[in-house]
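Data first, discussion second: the structure below is written as structure tokens.
The residues of the chain are indexed from 1 along the displayed sequence. Keep in mind that this is a model prediction, so the values were computed, not measured.
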Amino acid sequence: TYHIYTRFISTGGHLPDGSVADRNYLWVAEWYLKNFKQGNVIPVDYEYYITLRSPLAQRLYELLRKEFFGLFNQWETADRDGLPRQEYVVYHYENEYCVFVVDRPERYLSKAKENTRTAHEELVKSGFLARMPEWVDEEGDWLIRYYPGDRAIEELARFTSSPTKFSLLDGSYSQMLAPDNGQQLS
């Protein structure tokens, strides 16, 4: 089991050296600290995050931006090597989606769609998703396909190390962004 926090001592508690804590202390896991120091992080657009009303939309934003970042890296490699792009990220409903969002799996696909509709609509309306996710039933294993929207593309382009062109094959996105300030380049 992975835990981000390994220890917490609140004000007034005893520190490892026996002294009394004058504030709250929090220890993060070594794996987390190592990733943070190596720059393996994707910043959250907190202003956007707090505008999301649905806790599920907030959680999906956290999860999908990481997945979209991997997708964008695949685009760069595919473009460089002349290979086709993967245009979406996929979650297996029961074994990935429900585990990551900490939700109880539904028995019926219609109920699963109903329970996620509000969060998905909010992410589409805000531009984080390009469209409502596609649900695919592969012999009882439900797959959810998420397509990144303009907001996701613009946000993650700001965090890359060099200006990068991100566009979908259908031409619906075509922007060149500078990573430091998100300003469009010519």
Side-chain angles (χ1 to χ4, degrees), residues 1-6 8 28-29 31-32 35 40-79 83-160 166-175:
T1 306
Y2 289 95
H3 298 283
I4 294 177
Y5 309 114
T6 59
F8 173 77
V28 296
W31 66 266
Y32 181 83
N35 276 294
N40 297 331
V41 295
I42 303 171
V44 171
D45 182 343
Y46 185 70
E47 294 301 319
Y48 171 65
Y49 177 84
I50 61 175
T51 66
L52 297 171
R53 294 182 186 166
S54 161
L56 179 56
Q58 290 177 333
R59 182 67 179 136
L60 286 170
Y61 166 68
E62 294 171 357
L63 294 169
L64 289 170
R65 46 186 259 296
K66 177 183 70 73
E67 298 295 334
F68 288 158
F69 185 76
L71 182 67
F72 298 159
N73 285 337
Q74 188 273 336
W75 289 359
E76 289 180 346
T77 302
D79 289 350
L83 300 171
R85 289 179 170 184
Q86 173 80 27
E87 296 295 327
Y88 52 83
V89 298
V90 177
Y91 279 126
H92 292 263
Y93 174 73
E94 189 170 346
N95 296 329
E96 293 176 328
Y97 176 87
C98 288
V99 170
F100 296 148
V101 301
V102 190
D103 196 10
R104 176 183 53 82
E106 293 293 343
R107 283 182 89 175
Y108 303 103
L109 179 58
S110 60
K111 186 69 173 169
K113 287 180 178 182
E114 177 185 328
N115 289 348
T116 61
R117 182 174 295 115
T118 301
H120 288 152
E121 287 174 348
E122 186 173 7
L123 293 170
V124 170
K125 185 177 179 183
S126 68
F128 188 73
L129 294 177
R131 58 179 175 255
M132 290 295 282
E134 294 175 354
W135 291 74
V136 179
D137 187 350
E138 290 192 356
E139 299 176 24
D141 183 14
W142 304 334
L143 306 177
I144 311 172
R145 294 179 181 162
Y146 290 100
Y147 293 81
D150 282 334
R151 175 178 281 281
I153 291 170
E154 291 169 7
E155 180 179 320
L156 291 171
R158 287 195 308 262
F159 303 127
T160 60
F166 296 118
S167 63
L168 293 179
L169 293 176
D170 66 6
S172 59
Y173 307 101
S174 181
Q175 300 174 350

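- Scanning both residues, Glu87 and Tyr147, for their nearest heavy atoms gives O-CD2, 3.4 Å.
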Side chain to side chain contact (heavy atoms under 4.5 Å, CB included) between Glu96 and Ile144, intermediate numbers included: CA-CA 10 Å; Glu96 293 176 328; Ile144 311 172; over 6 Å; no
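- Closest approach of Ala29 to Thr6, counting heavy atoms only: CA-CG2, 3.5 Å.
- In this structure, Trp135 and Tyr93 have tilted ring planes: the angle between them lies in the 30° to 60° band.
- The side-chain heavy atoms of Glu67 and Leu71, taken from C-beta on, include no pair separated by under 4.5 Å.
- Going from atom CE of Met132 over to atom NZ of Lys113 covers 9.5 Å, rounded to the nearest 0.5 Å.
- Counting only distance, with no hydrogens or angles, the side chain of Trp75 and the backbone of Gln86 share a donor-acceptor pair below 3.5 Å.
- The heavy-atom pair separating Ala130 from Pro148 by the smallest distance is CB-O, 3.4 Å.
- Residues Ala57 and Ala119 come closest through the heavy atom pair N-CB, 3.6 Å.
- The side chain to side chain donor-acceptor pair (under 3.5 Å) test applied to Glu62 returns Tyr49, Arg59, not counting sequence neighbours.
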Does the pair Tyr61 and Tyr48 meet the rule for a side chain to side chain contact (heavy atoms under 4.5 Å, CB included), with working shown? CA-CA 10 Å; Tyr61 166 68; Tyr48 171 65; 3.5 Å; yes
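- Summarising the local packing, OH of Tyr46 is surrounded by 12 or fewer heavy atoms from other residues, nucleotides or ligands at distances under 6.0 Å.
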Start with the C-alpha gap between Arg117 and Glu114, add the side-chain angles, then the distance that decides, and say whether salt bridge (charged side-chain N to carboxylate O under 4.0 Å, His left out) holds. CA-CA 5 Å; Arg117 182 174 295 115; Glu114 177 185 328; 5.7 Å; no
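- For the atom pair CG of Leu60 and CG of Leu52, the computed distance is 9.5 Å after rounding to the nearest 0.5 Å.
- Tyr91 is not listed as a side-chain neighbour of Pro133, based on a closest heavy-atom distance of 4.5 Å or more.
- The shortest heavy-atom contact between Val99 and Glu94 is CG2-O, 3.9 Å.
- The side-chain hydrogen bond (donor to acceptor under 3.5 Å, both in side chains) test with Tyr146 is passed by exactly one of Arg131, His120, Glu134: His120.
- Separation of the Phe128 and Phe68 ring centroids falls under the 6.0 Å cut-off.
- Every residue two or more places apart in sequence or in another chain that forms a side chain to side chain contact (heavy atoms under 4.5 Å, CB included) with Thr77 is listed here: Arg80, Asp81.
- Considering only heavy atoms from C-beta on, Leu129 comes within 4.5 Å of Leu64 through its side chain.
- Going from atom CG of Asp141 over to atom CG of Asn95 covers 7.0 Å, rounded to the nearest 0.5 Å.
- Other residues, nucleotides and ligands place more than 12 heavy atoms under 6.0 Å from the CZ atom of Arg145.
- The number of heavy-atom neighbours closer than 6.0 Å to CD of Glu106, taken from other residues, nucleotides and ligands shown, is above 12.
- For the atom pair CG of Leu123 and CD of Gln58, the computed distance is 10.0 Å after rounding to the nearest 0.5 Å.
- Residues forming a salt bridge (Lys or Arg N to Asp or Glu O under 4.0 Å) with Glu122 (at least two apart in sequence, or on another chain): none.
- Comment: Asp45 does not engage Arg65 in a salt bridge, judged by the lack of any side-chain N to carboxylate O separation of less than 4.0 angstrom.
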